[in-house]
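Each chain gets a letter, A, B and so on, in the order its sequence line appears, and its residues count up from 1.
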2 protein chains.
Amino acid sequence: MALLSVELKINEKLYKTNPQRTDLGRKILQYSILLIDELGLERFNFKRLAERIGSTEASIYRYFENKHLLLLYLVNWYWEWMRFRIEIKLIDMEVPAERLKAVISCIVDTAKRNTTIAFIDEDVLHRIVVAEGTKAYHNKLVDAQNREGFFVSYKALCEKVAKVIQENNPDFPYPRSLASNLLEMANNHIYFAEHLPRLTEVEAKEDTLEQVEELLCYFAWRLVQPGQPPSGASAKSNGNVNVHQNNGLQHS
Amino acid sequence: MALLSVELKINEKLYKTNPQRTDLGRKILQYSILLIDELGLERFNFKRLAERIGSTEASIYRYFENKHLLLLYLVNWYWEWMRFRIEIKLIDMEVPAERLKAVISCIVDTAKRNTTIAFIDEDVLHRIVVAEGTKAYHNKLVDAQNREGFFVSYKALCEKVAKVIQENNPDFPYPRSLASNLLEMANNHIYFAEHLPRLTEVEAKEDTLEQVEELLCYFAWRLVQPGQPPSGASAKSNGNVNVHQNNGLQHS
DNA sequence: ATACTATAATAGCTTTACTATCACAAACGC
DNA sequence: GCGTTTGTGATAGTAAAGCTATTATAGTAT
């Protein structure tokens, strides 16, 4: 795929000036990705970004109100990009199982550098999404931001995945839940493998992404498979466990 | 269960002075929970907390180095508490399926107020863990903090859950991944149901927690069930999708 | 030639995060 | 009892982060 000039549509309320349209704007996107990856979101700020770019704090504030909206912009870009890649990959695929497999492959390897949107380093952006992505919606402003439409891309992406899940089994009761879970799991297990390896079987090696892909496939197939209604699922819960017993855990 | 005086063991490096041992310390725990819930982690700070308690910023800094370590302390307390509740509930339960069901029930309803550790409001703490929990390990210091043992409680919890999973199917290839996923899913879907409902089938009603419990049970049973090796899972991926096609998505 | 746009340069203000110092009272060691 | 440690409050101050305002200027569009 040769140098492709894509401008993904991002919610206009996320920025004050469209950063994809000017030199400085594109530099902001490009270098904010590198700097957030380097410093982490908390130490990252517009002053440092300005220094790195060779511009000024005030100039950057003309594009984004604050660093959280900039993060949200980047994450939205990522979601839109993944959705775009999924749509393209699914064209002319008809076997539901293959389509689901293809979706999972996109979810995981949107990481792998495979296009050239000049100013976005997708590998690094992926690392940011893995490490900081959840902060995009874990804050007190979610509801207000949701009303502004800042999460439509994520919801659309989730819905797309959910639909492919339903193609595989129209009776599956949790298509959206599984969809969002696959999206979250992908990020979590990449992060765990690297930083908290005891939380996952995925190992941090060259083939981490392939392992995650296998993990997601395994989960998805097992869950989506028609048959076995959740009969065993109603094992009677024992509400009368004796909670007064001392089992040796520390307490004083 | 009558007024039970439990002191959960929390990693000593998380605090400068043990907050469970003094009046001010317990007030810090009690009111930080309320304030973080009220303001969110970003707006929360030690100055406001001091005002609320009727103490001073400097005094609070004598207990915790900064608000992130305080959060980590609270989250650790939650993890320890959940593990304690699981251990107790599992005593005298022997049927693997019932044990797994019991574990899931603990994962979800550690929320429900059911004990009286005087100064910890578990309902509110649960909301914090749901809303801010992932921030405990999503930062540039994870690796250093992990070396200090700040996540042993979470890893132990995960391992406990993984063991119960393995009791149900010793051949299940992803016990830890499923365990951490169940823990994360519980929080995510409670959060989604309330703030981003299109990402889940769980609805925000009085019985949200029961719905989440059902969801987790459904996932767990389906996955843990012996049999069907992931045969269909290897549906050959189509690496040669024609990515040049224009499918109508916006680009310029 | 004029008006508009994007940016740089500079300054300043408020809040957050954190440290330091001193003083005082209760509890504790002997 | 006296001295010491421990917990707290009071006050002050510094550095960084977060954000706004003002002015000047170069390039572009009309």
Does the ring centre of A:Phe84 sit less than 6.0 Å away from the ring centre of A:Trp81?
yes

Check every strand shown and say whether B:Ser55 touches a base, only sugar-phosphate, or nothing at a heavy-atom separation below 4.0 Å.
sugar-phosphate

Counting the atoms with a prime plus P, OP1 and OP2 as sugar-phosphate, which does B:Arg48 contact under 4.0 Å by heavy atoms, base, sugar-phosphate, or nothing?
sugar-phosphate

Distance in angstrom units between B:Lys47 NZ and D:dG13 C1', rounded
13 Å

CG of B:Leu49 versus P of C:dT15: gap in Å, rounded?
19 Å

Would you say B:Tyr63 and B:Thr22 are linked by a side-chain donor-acceptor pair, where the criterion is simply a distance under 3.5 Å?
yes

Checking the side chain of A:Lys160 only, and the main-chain atoms of A:Arg83 only, is there a donor and an acceptor separated by less than 3.5 Å?
no

In whole angstroms, how far is the P atom of C:dT15 from the CD atom of B:Glu42?
18 Å

Quick check on contacts: within residues 60-73 of chain B, what sits under 4.0 Å from DNA chain D by heavy-atom distance?
B:Arg62, B:Tyr63

Using atom CD of B:Glu57 as one end and atom P of D:dA10 as the other, report the distance to the nearest whole Å.
14 Å

Residues B:Lys135 and A:Glu42 bridged, charged N to O under 4.0 Å:
no

Mind calculating the distance between NZ (A:Lys16) and P (C:dT5) to the nearest angstrom?
16 Å

Under 3.5 Å donor-acceptor, B:Asn11 side chain and B:Glu148 backbone
yes

Of A:Ala58 and A:Phe46, the one whose closest nucleotide on DNA chain D sits nearer the 5' end is A:Phe46

Is a donor from one side chain sitting under 3.5 angstrom from an acceptor on the other, for B:Gln211 and B:Asp207?
yes

In this structure, how many angstroms lie between the C1' atom of C:dT15 and the CD atom of B:Glu51, rounded?
12 Å

Specify the separation, in whole Å, of atom CZ of B:Arg43 and atom P of C:dT16.
9 Å

Could you please name the option among D:dG7, D:dA17, C:dA9 that lies closest to any side-chain atom of A:Asn45?
D:dA17

Using a cut-off of less than 4.0 Å, is there contact between a side-chain N or O of B:Ser59 and OP1 or OP2 of D:dG9?
yes

Quick one: does B:Tyr154's side chain have a donor or acceptor within less than 3.5 Å of a partner on A:Leu196's backbone?
no

Rounded to whole Å, please give me the gap between NZ in B:Lys27 and P in D:dG9.
8 Å

